[in-house]
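Chain naming here is simple, since letters A, B, ... match the order of the sequence lines and numbering starts at 1 in each.
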Amino acid sequence: MTSEAGACPLVGGASLCACARGLAHGGGAGAGWPFAEPPLLLTGACRCPVRPGTARSGAEQSGARLGGPARAAAMGSRASTLLRDEEIEEIKKETGFSHSQITRLYSRFTSLDKGENGTLSREDFQRIPELAINPLGDRIINAFFPEGEDQVNFRGFMRTLAHFRPIEDNEKSKDQNGPEPLNSRSNKLHFAFRLYDLDKDDKISRDELLQVLRMMVGVNISDEQLGSIADRTIQEADQDGDSAISFAEFVKVLEKVDVEQKMSIRFLH
Amino acid sequence: MSKYCQAVGWHFEGASMEKNRGGYGLVEGKILSVCLVLFVVLVLLPSMFRVSLGISHIYVKIVVKTLEWATLQIEKGVKKQKALVLENLTSNGIIQREEASMEEEIAGQRRGRFNLADVLYFSKKGFEAVAEDEVTRRFSSEELVSWNLLSRTNVSFHRISWQLTFVWVIGILIRYCLLMPLRVSLASFSMLLLVSATTVVGQFPNGRVKRWLSNQVQMTCAALGVRCLSGAVHFHNRENRPQKGGICVANHTSPLDVLILASDGCYSLVGQAHGGLLGLIQKSCMKTTEHVLFERSEMKARHLVRKKIREHVADKTKLPILIFPEGTCINNTSVMMFKKGSFEVGGTIHPVAIKYDPRFGDAFWNSMKYSMMTYAFKLMTSWAIVCNVWYLPPMVKEEEEDAVHFADRVKAVIAARGGMSVLPWDGGLKRKKVKESFKQEQQKKYCQIVVENGTVGNANVH
């Protein structure tokens, strides 16, 4: 994955910008551009020399790059000028954050982005000390990265953060036609379920439960004790006898838990 | 006859031309000498005798008035345009944390049991840290509540009203075309003076005269340095100034701290050895006074430094040592962990609190992002450097107190005086990862909740 023909030398290392990704994944390596239609254009000058002049592909990448002189002018200034209004609107619709919350979180995103390439890597998250000492730190960081990827852009960052937005009352009475908001009770529970479900097979097996338990307790509890906790937990939750916890069983277990309060962060306006 | 007149005429012409050329040269010479005289009278002499002419203070007052006007303009303009920029001005935080402890959140009434819902607590804490954490925001410049008319803090403020834009542009012209060349030339002159003076004084034989001279040289050059940045420094409680044989301890924001403190007293410095411009200054200072320079990354360096400090403190004729126990530059909004090394040595500690006014320019040196030269350029193009320095009463370690506790005590005193918050985190986290032991502490804490009386139950709330 590192130095294939056409790998973007700017982004460097194992990560490829979306322009070059088409080459790495499945297209004929070195043969040219395999994607048929031009990618969804977002802002900005993608400086990818592999495909000069085009913007990044897909809704994946946020349009955070600037050309040389503009970047120099923006050096040190608050980064909200780099996020375009259309993107803010899109993120607002998708996640429900307000305009100022999005710009503030974008500042935060860019301050974490040490490589200044518009995406965060796992190392960027691990640089946050309070997250690094969290026993479930690795699972939380993992939640940001979609399947098999090593970089998360601002869109993905906001989408994951949106799970922790408080449920507002006026949203409950919104029309049921649109997709379920990311911060609904069901989606929050789904998120918590995914923290346990390491292999993403929609079941929490005994092994997975043991692994997560081990993360939370460290070395302070013996294997046998931990095993018995896991067994008892599965026994009490399992209803269809498959010795694993499905999502429905998980929801039943957390029925009486105030998920809205425990999984909501108060974002300031 | 005509030929004769022509010749004379040419002669006169030639002579008058020469006179003009000479006159022209004379004018240039006059300007230069006037500049020199002005410099000596207005800058050099007051620095040497540490007298303030009040020019900086008047300038600072003018800048304050301008900034207040700008803030009003922004508020008016924002109301007119109904922009959401105002929200950025009011609150500085992203989230509001709930300060419930792990006990309250997880256990409630159910101690000694594991619940599938326990993971919610950790995930919430983790996401709070992702959205806003206390530590990493200390390693970058402080966010301002309102705009201070510098391009570097601009969030499209200049589009609010044409008057604001006009003042901003004038500000740019003044700062870049008038102030910066002035400051740069002053700074280069002070550097030259420092290097040459220390070389000269370094030749003297060791003794009282050399010490007195080197003190004078250091203080004058530091005062010059402060002036060339339009520094307006207010010293408070000067009766508490560090005495010989003591250890002076302060919060660290940038190398300017050293300059500011050195303009009001003489210190022996302990610090990280740098290269480049800063290295040159350090080497010049080393010629006349004893300083301790070390490499931060070397493990053995710590013992060596501690030994040297101990020896220095024991000798009551030596200058007070200036140490920054945080070990690195922090952005002046909070005081981070004080390393216990300087507090174990014994001796009197003289705490000093330094607080910069962020409206006039950002004094914080983000050494990961900017080199020394870029930082110096930023300083030269700010409005001014305004800060308050408080000399606090001396403190001594008590009998049963251990060094860590003493360090925390001193830290609390400095933070309280300077109006900064206190953080238990290590400033070294700027460069290195957090220790595993902290994670293990969290895990242990969780175990204590989940385990009770040596047995572990579990409860799934149905």
Requested in this report: Let me know if A/L226 has heavy atoms under 4.5 Å from chain B in its side chain, its backbone, both or neither.
Outcome: neither

Query raised in the report: Which atom pair, heavy atoms only, marks the closest approach of A/M216 to B/F114?
Result: CE-CE1, 3.8 Å

Query raised in the report: With a 4.5 angstrom heavy-atom cut-off, which part of A/L195 approaches chain B: side chain, backbone, both or neither?
Result: side chain

Query raised in the report: Is B/W425 close to A/P129 at the side-chain level, that is, under 4.5 Å between some pair of heavy atoms?
Result: yes

Report task. Please round to the nearest 0.5 Å and tell me the distance separating atom CD1 of A/I221 and atom NZ of B/K444. Result -> 12.5 Å

Query - Pairwise side-chain contact, B/S123 with A/L136, heavy-atom cut-off 4.5 Å (strictly under) - result: no

Query raised in the report: Are any of the side-chain heavy atoms of A/F144 and B/V130 separated by less than 4.5 Å?
Result: yes

Query raised in the report: Checking A/L189 against chain B: side chain, backbone, both or neither under 4.5 Å from a heavy atom?
Result: neither

Query - Pairs of heavy atoms under 4.5 Å with chain B: top-ranked of A/F250, A/Y196, A/F125, A/F267 - result: A/Y196

Query raised in the report: Of the backbone (N, CA, C, O) and the side chain (C-beta and beyond), which part of B/L429 lies under 4.5 Å from a heavy atom of chain A, both, or neither?
Result: side chain

Query raised in the report: Considering residues, nucleotides and ligands other than A/R266, do more than 12 of their heavy atoms fall under 6.0 Å from its CZ?
Result: no

Query raised in the report: Does any heavy atom of chain B fall under 4.5 Å from the side chain of A/I204, the backbone, both, or neither of them?
Result: neither

Query raised in the report: With distance as the sole test, does B/R137 use its side chain to make a donor-acceptor pair with the main-chain N or O of A/R108 at under 3.5 Å?
Result: no

Query raised in the report: Roughly how far, to the nearest 0.5 Å, is the CD1 atom of A/I265 from the CZ atom of B/R97?
Result: 8.5 Å

Query raised in the report: Between A/T160 and chain B, which part of the residue has a heavy atom less than 4.5 Å away: side chain, backbone, both or neither?
Result: both

Query raised in the report: Top residue by heavy-atom pair count (under 4.5 Å) with chain A, among B/K433, B/E134, B/Q440, B/E441?
Result: B/E134

Query raised in the report: Side chain, backbone, both or neither: which part of A/I141 has an atom under 4.5 Å from a heavy atom of chain B?
Result: neither

Query raised in the report: So does B/M373 have more than 12 non-hydrogen atoms from other groups sitting under 6.0 Å from CE?
Result: no

**Report entry** A/N134 to B/G126 - nearest heavy-atom pair and separation
**Finding:** ND2-N, 3.4 Å

**Report entry** Smallest separation among heavy atoms of A/K262 and B/K124, with atom names
**Finding:** O-CD, 3.2 Å

Query - Exercise: identify the closest heavy-atom pair between A/R127 and B/T136 - result: O-CG2, 3.8 Å

Report task. Measure A/F164 against the heavy atoms of chain B and call it side chain, backbone, both or neither at under 4.5 Å. Result -> side chain

Query raised in the report: Are side-chain heavy atoms of B/E132 and A/R104 found at a separation under 4.5 Å?
Result: no

Query raised in the report: Who wins among B/F122, B/F438, B/F127, B/Y121 for the most heavy-atom pairs under 4.5 Å with chain A?
Result: B/F127

Requested in this report: Can you run down the salt bridge (Lys or Arg N to Asp or Glu O under 4.0 Å) pairs that involve residues 184-205 of chain A, sequence neighbours left out, and say none if there aren't any?
Outcome: A/R185-A/E260, A/K203-A/D242

Query raised in the report: Within a strict 4.5 Å, meaning less than it, do heavy atoms of the B/V135 and A/E130 side chains meet?
Result: yes

**Report entry** Greatest number of heavy atom pairs closer than 4.5 Å to chain B - which of A/Q126, A/Q261, A/H163
**Finding:** A/Q261

Query raised in the report: Hey, does B/L116 have a side-chain heavy atom less than 4.5 Å from the side chain of A/L209?
Result: yes

**Report entry** Where B/A129 and A/I128 come nearest, the two heavy atoms and their spacing
**Finding:** O-CG2, 3.7 Å

Query - Residue, of A/L112, A/V212, A/L105, A/L213, that accumulates the most heavy atom pairs under 4.5 Å with chain B - result: A/L213

